[in-house]
Every structure is written in C-alpha cells, then in structure tokens.
Amino acid sequence: MLALLLAACGTPESTEVAITIPPVSLLPVPQHMEMKGCHFELNAETTISYAPEMEGPAQYMAEIIERATGYQLSPQPIEATATENAIVLSKGATKNNEAYVLSVDEHRVTIDAYHEQGAYRGIQTFFQLLPPAIYSTGQNNVQWVAQGITVTDEPRFKWRGLLLDCCRHFMEKDFVKRYIDLLAFHKMNTLHWHLTEDQGWRIEIKKYPKLTEIGAWRTLNDGTNYGGFYTQEDVKEVVAYAKSRGINVVPEIELPGHSQAAVASYPHLSCTGGPFEVETEWGVFKDIYCAGNDSTFIFLEDVLTEVIDLFPGDYIHIGGDEAPKYRWENCSKCQRRIKEEGLKDEHELQSYFIGRIATFLESKGKKLIGWDEIIEGGLVEGATVQSWRGMEGAIEAVQHGNNTIVSPTSHAYFDYDLKSIDMAKVYTFEPVPEGVNEAEAARVLGGECNMWSERAPQETVDSKVFPRILAMSEVLWSNESKRNYTNFHERVQYHYQRLEAMGVDYGFETTPVTFEPTFNNQSLVIDIQKGMSNLELHYTLDGSAPTTSAKKYETPITLSGSGTLKVQAFKDGNPIGPVFEQTYALHYANGIIPELTHPYSEYYKAGGDGGLTNGVRGSTDFRDGQWQGYWGTNLEATIDLGEAKPISTLTTGFLQYNNAWIFLPEWVKYEYSDDGVNFTEYATVKNSVSPKEKGQFIHEFFADFEKPIVARYVRVTAKNMGKCPDWHDASGSDAWLFVDEIVIGR
Ligand code: ACM
Ligand code: ZN
C-alpha cells in the first residue's frame with residue numbers, strides 16, 4: 001500500500017490528511033477507468049441504500065464488509081438520495097446484464113447497473129479498491145479507504161466458468177460454497193458442477209435412492225470406503241448461496257458414458273445387466289447406459305426432472321464425452337434401436353440418445369450443453385457445445401449455428417501440470433477460434449477452466465486453480481486490447497495479498513524448476529531455469545533428497561554419465577514445491593535425429609524428431625512431455641551413428657498404463673547395418689509383462705551383448721498391440737505405444 005497525502009476532490013488544501021491508501025490494481029482489468037484524485041473512507045457510519053432490484057447485491061456487500069470490518073451497515077431501500085458517506089446501488093439503463101458504472105469520490109460510492117448481475121460485478125471492483133484485508137475476517141486496525149475513480153465496465157464474454165469435478169474426489173459442501181465466493185471475487189459467473197461419474201454419483205435423487213446408497217461410494221484397494229454426496233437440501237443451499245453472489249450453477253449429469261456408478265446402482269440400465277462396481281481407477285469405461293433400453297430413458301428423465309427442480313438456471317450439462325461404443329455394438333437392444341430408427345451406426349445412436357434428452361429438456365424449458373463429442377453422429381439443434389479436444393468442436397458448432405463454450409485441453413485444463421499450462425500460457429488464450437466470421441464469433445458464449453480431480457483431492461485444488469484462474473478471468477472479461485501480460489503480472493503480484501486474505505493456498509505461476517539439456521561433445525549440460533527469481537536451488541546427483549546443505553545451483557551442470565538429477569527450490573530457507581527430478585541417459589545416439597517410418601502423434605511428441613535420443617528419460621506420468629506416442633502404429637526408428645561404433649547394449653523404454661489405452665509393445669526387434677540398406681537382426685525381445693497389469697509403469701526392452709557389435713546403423717522396431725484387447729474397456733479402439741528413449745550403450 002502507498003502512504004499518500006491526498007486531497008479530497010474539490011476541497012481546499014488545508015483539509016489534507018495523512019492516510020494509507022491502496023493502489024488501484026484491478027483484476028480483471030476493466031474496460032475503462034478514470035482516476036479522480038480523491039478518496040472515500042468507509043466507516044461504521046457509512047450507509048448502504050439500494051434500488052428495488054438491487055437488494056440482493058446490497059445484502060451481499062454488507063455481509064462481506066461486516067465480516068472484515070465488523071461494521072453493520074444495514075442496507076436500506078433508497079428513499080431520498082443519500083449524499084454523504086453513502087454507498088448507493090442504483091438502477092441504470094445499460095443493456096448488458098453484467099455492465100456497471102462504479103463511481104467513487106469523497107462523498108459517495110455509487111454502483112449503477114441495469115441488472116443485479118452488474119451490481120454484483122461492480123461491488124467486486126469496489127472491494128478491490130479497498131485494502132486486501134476486506135477479504136478477511138475481523139480486522140480492527142485497517143483504514144478502509146478507496147481511491148476516487150470512475151469505472152465503466154462490462155464483460156467481453158457472458159459465460160465465465162469453472163468446472164469442479166466433485167466426483168473423482170468428493171468436495172465438501174462448504175468447499176463448494178467457498179469456491180462460489182472465490183469465483184464471485186474474480187468476476188466469474190458460472191460454477192459448472194460435475195456431479196456424476198464412473199467413480200461416484202454425488203447428487204441425491206429421491207426416486208432412485210441406490211444412486212447415493214451404492215453409487216456414491218467406492219471401495220479402495222485398502223478396503224476402505226471412499227465417497228460422499230450432496231442431499232437435495234445441500235444442493236438448494238449451494239444454489240441459493242451462489243445466487244446471493246451473482247453466480248449461476250450448472251449441474252452436469254453425465255450420459256451416456258461415464259456412468260458406471262449409475263449402472264453399478266441400477267444394473268438393468270446397462271447393456272449386459274452387470275453386476276458392476278463403482279469404478280476405482282481413472283479412465284474411460286465401457287459399461288454405459290444402454291441406448292436400446294426404454295427404461296434408460298425413463299430413468300434419465302426422472303433423474304433430470306429432480307435435477308431441473310433444484311437448478312433454476314437455463315442450462316443442464318449432460319456430458320456426452322468419452323462414451324465407448326463397444327457395448328452398444330454387441331447389444332441386441334441397441335442394435336434393434338439402430339435398425340428401427342434407421343440409424344447408420346453407433347455414433348448416430350449416440351446422437352439419437354442426446355437428441356431424446358435434448359427434446360425432454362426443451363419440454364421443461366431447459367437448454368442442453370454437451371462436450372464436443374455430441375457433434376459426432378449429428379449435432380442436435382439448439383445444443384451448446386463445450387469444446388475440449390482443441391477448438392475444432394467450437395468451430396464446427398458455431399458454423400452449424402450452435403453456441404459454444406470453450407475450454408480446450410491446451411489452455412483450460414487446470415488439472416494439467418504447470419509444464420504444459422502455466423499462467424502465462426493461459427493468458428495467451430483466445431476464446432474466439434481463428435477463421436470464424438463475426439456472426440459465428442458471436443456464438444462463442446465464453447469459456448471455462450476445467451478442474452478435473454483424478455489427481456486433485458480437495459486440499460490441492462487451490463494450488464491448481466490459483467493463480468491460473470486469474471489469467472482466465474481477464475481473458476474472459478477484458479477486451480483483447482486491454483490485455484497486457486507485463487501489466488497483468490504486476491497486478492497479480494499485488495493480488496497475492498488478497499488471495500492470502502481470502503485464505504487461498506495458491507500454487508505457482510509456472511513450474512519453479514525447468515531443466516534444459518544440451519549436448520556438448522560427450523557430455524550433457526543441464527541449464528536449470530527458475531520460474532521465480534526469489535528461489536534458491538539445491539541439487540543432488542546421488543539419488544538423495546536435496547537439502548540446503550546440498551550443492552547450490554549457480555551455473556549449468558555438466559553430466560558425464562547417466563544419472564538422476566534432483567532439485568529442490570527453497571524460498572527464505574524453506575523448501576517450496578516438490579523435489580523436481582529428471583533421469584538422463586548418456587549414449588551414442590544422443591543428439592542424432594532418428595529416421596522414423598511412422599509419424600508420432602501430434603499430442604505426444606516428446607520434444608519432436610529428436611525426442612527419442614535427447615538423453616531425457618520419461619517419468620511414470622505419461623503427460624510429462626518426454627513420452628512419444630504412436631497411436632495404432634509401430635515404432636520403427638533407424639539411427640545413423642555417423643561412423644561404426646562398438647555397441648555393448650541396446651535398450652528402449654516403454655510405458656504401460658492400460659487405463660489410458662497405453663500398452664507395452666508385443667516385442668522389440670533390434671537390427672544393425674554397416675550400409676543403412678542391409679540390416680541384420682541382433683535380437684528380438686519379447687514382452688514379458690501382461691497387458692492387464694494395472695497402474696503406470698516403465699518397462700525397458702533390453703538386449704545385452706556378450707561382445708560389442710560394431711555397426712554404424714541401428715534399427716529399432718516395436719510392435720504396437722494394434723487394438724485394445726477384448727477384455728479392455730476400449731476394446732477395438734487403437735492402442736497407444738509410448739516410448740521415451742532409445743539408448744545405444746557405449
Ligand atoms: C473431458 O475432459 N472428458 C470432457
Ligand atoms: Zn444396449
């Protein structure tokens with residue numbers, strides 16, 4: 001905060017007083033603001049008055065002020081226009097429901113809005129003008145002063161949301177309410193509440209009690225029961241709380257896929273009749289609602305009827321993503337439906353399924369949102385498409401005349417780690433896809449941050465959502481011309497005081513430690529980049545955990561052999577964040593670009609053409625950026641060492657994670673050659689691990705040489721399983737082969 005001598009506007013110099021006044025640091029940045037050079041002081045005598053439409057915002061404002069300051073300002077309807085020490089919420093004439101004009105001077109604060117939504121947003125701007133302590137509880141020694149200003153503001157997009165997946169990990173009702181407050185503080189307006197999943201059904205449905213007696217609980221490996229659900233009273237409380245903050249809650253009831261908890265509760269809703277258990281692993285599962293079974297639709301309409309009664313908003317999200325078609329392909333009822341309805345295939349059956357639900361929702365006055373898979377097999381008229389597999393779904397939707405909400409995995413998946421999506425990257429997000437015209441662009445309602453919780457129990461959610469959501473809030477609120485990362489970043493530094501007052505356990509802006517390896521003759525030089533300047537890094541190369549007594553990182557580290565580098569960041573002598581580790585392999589092929597017969601996937605490039613020989617090994621996280629993925633095809637890599645070399649070992653690393661359709665190869669063949677044309681097989685290493693083996697693990701396909709062979713060319717062929725096997729949930733779909741490094745041992 002700045003200590004300033006500030007004159008109240010229009011008052012003579014003699015009334016100058018010494019006060020501490022916070023800087024103007026608004027986030028998201030408003031469309032227009034003008035400083036007045038005076039200030040307003042909030043105290044126990046300040047009054048709040050409101051136009052008839054603005055009672056809700058007035059009560060909310062008084063509640064937050066009382067919590068922080070202890071002042072009970074008891075809002076009153078406007079009678080005469082209050083003139084001194086007054087906050088006035090008035091009804092204005094603008095068309096945009098969320099627009100507002102905030103005016104602060106030495107006498108009054110006025111928030112002028114057409115709709116209460118605008119008043120809710122304007123109140124947030126006023127809070128940001130006050131000291132950060134306004135977000136905390138019971139502060140006695142604060143001067144509640146705000147700089148004089150006029151802010152004229154409205155959002156660029158009308159849909160600004162956060163998805164909370166309360167299924168993979170259950171989140172307490174009070175935690176959900178806390179997130180509603182946090183969304184409101186950042187001018188977001190939508191909580192997308194993900195309520196049903198394979199791993200848990202989280203909303204009480206009176207007509208189907210087993211959904212929560214059975215479907216809300218899963219048995220963990222250690223035999224304990226994990227789960228929880230929201231009663232209808234809980235849901236009403238959450239929805240009312242959200243309304244009192246100007247936030248809309250959109251429930252997501254997944255269909256036809258991600259429904260294993262539902263079919264575990266009521267197996268007759270499936271194609272096979274079960275029995276099933278509530279799923280305990282993460283992934284995509286094949287036992288979904290049967291589309292040929294009329295009782296499925298009766299059930300879903302009953303469920304949705306209760307859901308509609310609980311959620312007054314216009315929209316219901318019905319999922320629609322990741323529904324494997326295997327059961328439908330093999331179900332006589334589903335096949336009969338395809339025939340009777342004249343459908344082409346199972347994709348059209350999905351479209352039929354979504355269409356029936358859309359018609360039902362429409363009959364109840366509700367609009368349907370679905371993930372971009374709802375486009376496959378024919379897009380239902382009037383449905384809003386949430387584009388997540390890139391922006392292609394958004395483009396197709398708006399060109400088709402449908403609305404879209406954008407939350408692509410590239411920028412909006414806050415369960416992804418900071419290596420793939422950091423705050424700066426979120427800030428670069430442009431919600432309107434390239435190549436659409438003006439009318440189509442107008443169908444982009446806005447965007448969301450998606451907080452999936454497979455790897456995020458409740459206590460870790462803050463550190464993933466914050467500070468990245470600050471970038472998204474500005475992307476979705478502020479016009480492009482207002483956005484400037486340097487300026488935003490400065491405001492974020494100030495905003496941390498507010499997050500601390502809110503009790504937000506925020507994470508990093510970017511990964512605090514990044515390794516950048518380069519080859520230099522026969523050694524690997526590792527440059528370590530710090531994500532924040534105030535960190536001190538200590539590292540080890542012997543496998544031990546780095547403490548402050550470990551070597552301090554000053555200049556790039558030169559490795560002359562393979563090994564694991566472990567780095568810990570310290571701030572003021574305290575460890576901050578996890579230990580970052582990276583295993584390196586030094587070998588003949590380092591830095592040589594292999595010739596690849598089949599291309600690798602654009603989604604899993606592992607650094608591109610040189611990824612398999614860059615000396616950087618993958619971890620058990622398949623998304624760590626070190627795994628090169630081959631979808632349905634073999635790996636065939638030929639490496640030219642430049643001259644004949646004595647090779648003593650050949651090994652290649654592969655990953656298995658069958659839930660994500662990633663399998664070890666059936667075999668790996670090693671060949672060598674002197675001329676690059678005629679190859680001799682050295683060894684074929686068979687896979688010794690079952691494709692059914694669960695979890696994420698690395699397996700090396702290792703060929704040891706009794707005597708070194710001398711060769712210039714090496715070819716490695718790894719046989720992809722081709723298709724996911726019969727017993728697998730994605731049976732019949734292409735299988736992934738994930739490889740991190742071909743190590744040619746010297
Ligand atoms: C999704 O991430 N499956 C929508
Ligand atoms: Zn079926």
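Heads up: numbering here begins at 1 and tracks the sequence. Ligands are counted one by one from 1 in listed order, and the atoms in each one are counted from 1 as well.
Residue Val398 is tested with Val385, Val432, Thr404, Asn403 for a side-chain contact (heavy atoms from CB on, under 4.5 Å); the sole match is Thr404. Considering Trp282, Tyr657, Tyr603 in turn, Tyr657 is the only one that fulfils the ring-ring contact (aromatic ring centres under 6.0 Å, His included) rule with Phe622. For the ring-ring contact (aromatic ring centres under 6.0 Å, His included) with Trp736, the qualifying choice from Tyr604, Trp627, Phe654, Trp661 is Tyr604, the only one to do so.
A pairwise comparison of heavy atoms in Gln232 and Ile205 identifies NE2-CA, 4.0 Å as the closest pair.
The aromatic rings of Tyr226 and His169 sit perpendicular, their planes meeting at an angle over 60°, well past the 30° parallel limit.
Annotation: cation-pi geometry not satisfied between Arg202 and Phe170 (NZ/CZ under 6.0 angstrom from ring centroid, within 45° of ring axis). Both the sub-6.0 Å distance and the 45° axial angle are satisfied by Arg245 relative to the ring of Tyr241.
Side-chain contact between Tyr266 and Ser295: absent, with no pair of heavy atoms (C-beta onward) separated by less than 4.5 Å.
For the Zn ion (ligand 2), protein N/O/S neighbours under 2.8 Å (waters excluded) are Cys271 SG, Cys290 SG, Cys331 SG, Cys334 SG.
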request  = Take Glu348 and Lys325 through the test salt bridge (charged side-chain N to carboxylate O under 4.0 Å, His left out) and record every step on the way to the result.
outcome  = CA-CA 11 Å; Glu348 288 200 357; Lys325 304 299 183 289; over 6 Å; no

Measure and list all N/O to N/O distances between ligand 1 and the protein that fall under 3.5 angstrom.
from, atom 1, to, atom 2, distance (Å)
ligand 1, 2 (O), Tyr413, OH, 2.6
ligand 1, 3 (N), Asp321, OD2, 2.6
ligand 1, 3 (N), Glu322, OE1, 3.2

